[in-house]
Amino acid sequence: MIPSCSFNRHVSAILDKCSNLNHLKQLHAHLIRWARHIHFYALSSSLLRHSEPRLRTPLFDKFPTPNIYLYTVIVAACTRAPDHTVVVLIYHDMVRENWSRPNEYMFSIILKLWPEVARDYGVEMVQAHIVKLGFCGYPVVQTTVLDAYARCGVEIGVARKVFDEMLERSVVSWTTMISGYTRARRVWDAILLFEEMPEGIRDAPFWNSIIAGCVQNGLLSEAIEFFKRMVVEGGVNRPNQGTVVCVLSALGHSGMLQFGRCIHGYIYRNGLSLDSFAVSGLIDMYGKLGVLKSRIVFEKSDQINLTSWNALINCYALHGRCHEAVAVFQEMLRRGREGLKPDAITFIGLLNACTHGGLVEEGRRFFEMMVRDFGIEPRIEHYGCLVDLLGRSGKLEEAMDVVSRMREPSPDEVIWGSLLNACRVHRRADLAEFAVRKLAEMSPGNGGYGAMLANLYGEMGKWDEAWRVRAALAGESAYKAAGCSWIEIGSQVHNFYSVDRSHPRTEEIYAVLRCLGDASRMQHTSWRPQQLQ
DNA sequence: CTAGGGTTAG
């Protein structure tokens, strides 16, 4: 007879590899036939953990008096699949019907479903429940509550209060608080908190949280500085996959592509697995340079997922190679039989490709296709792309029409901003007036939009109007962050600020800019890049 | 059986 504990481990190992329903049924039958002496609960919990979602609940129902251990197993299993209502039902069943007392594990698992639970029950109520049952002192539970507050959209100070009241704070609690701040776009508070953290225990996810937070809030050079510090100060906590994905994003955004190549090398040298995240990050980073290397990374990888496809489509979009972007999309649809379906991001890429390539009609068709054929609700970003597409191609009335029809979501600063930008390119002062009024309502104190309108009048030679707008602006701060862009050529980074004429080849650069401005105002068909030569 | 990090547009 096989000793039952090693047998159990053996069975668990097999169950881990069991992804197919028939195999699972066979194994289950074997267990019933041969393994009566095995602890029933232990085996069943393995089955529950690994079985298919639709088998789980019926299997669970076979237990007349499930214990807390079994409850946590099924709840954890249901959390991994998108099966939120079941979790709450099971929890109710446990507390009401069976009077099992929940444990700290149960709260940690169940609070992962925070947005869903909070919608139905309210944030404070669940916390009160935890306090009432006497689990508010458990550090893991506290951290989960903290995370829940940080994610559910209440004022971030509430989460900070939970953090401050904790008696024991682990590195996980610090990480949770930092990412809470960065999600709330309070990246400077995150940086302050990062520096307050005692150096003893900074691990890789902790470093990653601040690097990611900086990237997500546009602090690209700070993100890269934190990365460099991690390499020096991190000791054994060397950059891992999570780190390189964040750093690749920062490097791609800031055009530091040589550094990006080094990271690619770092991934290989350190044997970091090129998972779908890293692959998509590389595709995106290389795509900022040119799309060839992205394509190679894509072709060579066996870890391609939807995000990688999206990243490749975006690369082509970025370079205005709209037909190739569409071709990638079609290839993706052909592979759709393998279970791959485009999502909202895919269509942002496609719409963007159409914008950069001037394919107005195709863009409109993609927008309709997204809603009609794929049942994707248009997000504000999709409307933004559509307005940009129409606006840039000079169809200002149609762009305006889209904006005025928008109800849910209602147009935001980005939408009006891109409409204003289109007005500037196509010299439509009338519509620009309207857009600026809207923008002034939305972000009072930002004189940048008004300044843009004044400049537009200036460019058109309408100096009286320009002075009128300037005078109206005089009251408020016309402060606008100086625009800056940069490009890396060879090993040198060239910086450009607004109205900056310090570059040695500034005359040529401005000549090309003027040419591009004229070109955007013309029909796309009548313009050829050769005219720039 | 439990808590933290990661890609995508303007």
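Chain letters run A, B, ... following the sequence lines, proteins first and then strands; every chain starts at 1.
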Under 4.0 Å, counting only non-hydrogen atoms across every strand here, what does [X] touch: a base, just sugar-phosphate, or nothing?
X	result
A:Ile109	sugar-phosphate
A:Ser418	nothing
A:Gln241	base
A:Phe107	nothing
A:His356	sugar-phosphate
A:Arg151	sugar-phosphate
A:Asp275	base
A:Val171	base
A:Ala311	nothing
A:Cys246	sugar-phosphate

Out of [options], whichever nucleotide has its closest atom nearest the side chain of [X]:
X	options	result
A:Tyr105	B:dG10, B:dC1, B:dT7	B:dC1
A:Asn208	B:dC1, B:dG5, B:dG10	B:dG5
A:Arg392	B:dG4, B:dG10, B:dC1	B:dG10
A:Phe277	B:dG6, B:dT8, B:dG10	B:dG6
A:Thr143	B:dG4, B:dA3, B:dT8	B:dA3
A:Glu381	B:dT2, B:dG6, B:dA9	B:dA9
A:Asp284	B:dG6, B:dG10, B:dA9	B:dA9
A:Phe206	B:dG4, B:dG6, B:dA9	B:dG4
A:Ile348	B:dT2, B:dA9, B:dT8	B:dA9

Here the salt bridge (charged side-chain N to carboxylate O under 4.0 Å, His left out) pairs for residues 308-325 of chain A, sequence neighbours left out, are A:Arg321-A:Glu324
Value for NZ (A:Lys438) from CG (A:Leu419), rounded to nearest 0.5 Å, stands at 11.5 Å
Rounded to the nearest 0.5 Å, the CG atom of A:Leu193 sits from the CD atom of A:Glu195 at a distance of 10.0 Å
Q.
Side-chain N or O of A:Ser249 versus OP1/OP2 of B:dG6: is the shortest distance under 4.0 Å?
A. no
Practice task
Compare side-chain N and O positions of A:Asn352 against OP1 and OP2 of B:dG10 and report whether any pair is under 4.0 Å apart.
Solution key: yes
Tell me the interatomic distance from [X], atom [atom1], to [N], atom [atom2], rounded to whole angstroms.
X	N	atom1	atom2	result
A:Asn314	B:dA9	CG	C1'	7 Å
A:Leu389	B:dA9	CG	C1'	13 Å
A:Arg183	B:dG5	CZ	P	6 Å
A:Leu312	B:dA9	CG	P	13 Å
A:Asn310	B:dT7	CG	C1'	10 Å
A:Tyr181	B:dG4	OH	P	19 Å
A:Leu420	B:dG10	CG	P	17 Å
A:Gln216	B:dG10	CD	P	18 Å

(message) Using a distance-only criterion (donor-acceptor N/O pair, under 3.5 Å, no hydrogens), is the base of B:dG5 paired with the side chain of A:Asn240?
(response) yes
Would the base of B:dA3 count as contacting A:Ser170 through its side chain, where contact means a donor and an acceptor less than 3.5 Å apart?
yes
Note to self: Between A:Glu299 and A:Arg295 (salt bridge meaning N to carboxylate O under 4.0 Å), is one present in this structure?
What the structure shows: yes
Q | Lys/Arg N to Asp/Glu carboxylate O, A:Glu165 vs A:Arg160, below 4.0 Å | A | no
ring-ring contact (aromatic ring centres under 6.0 Å, His included) test vs A:Phe194 passes for just one of A:Trp188, A:Tyr181, A:Trp174, A:Trp207, namely A:Trp207
Applying side chain to side chain contact (heavy atoms under 4.5 Å, CB included) to A:Val231 and not counting sequence neighbours gives A:Phe227, A:Pro239
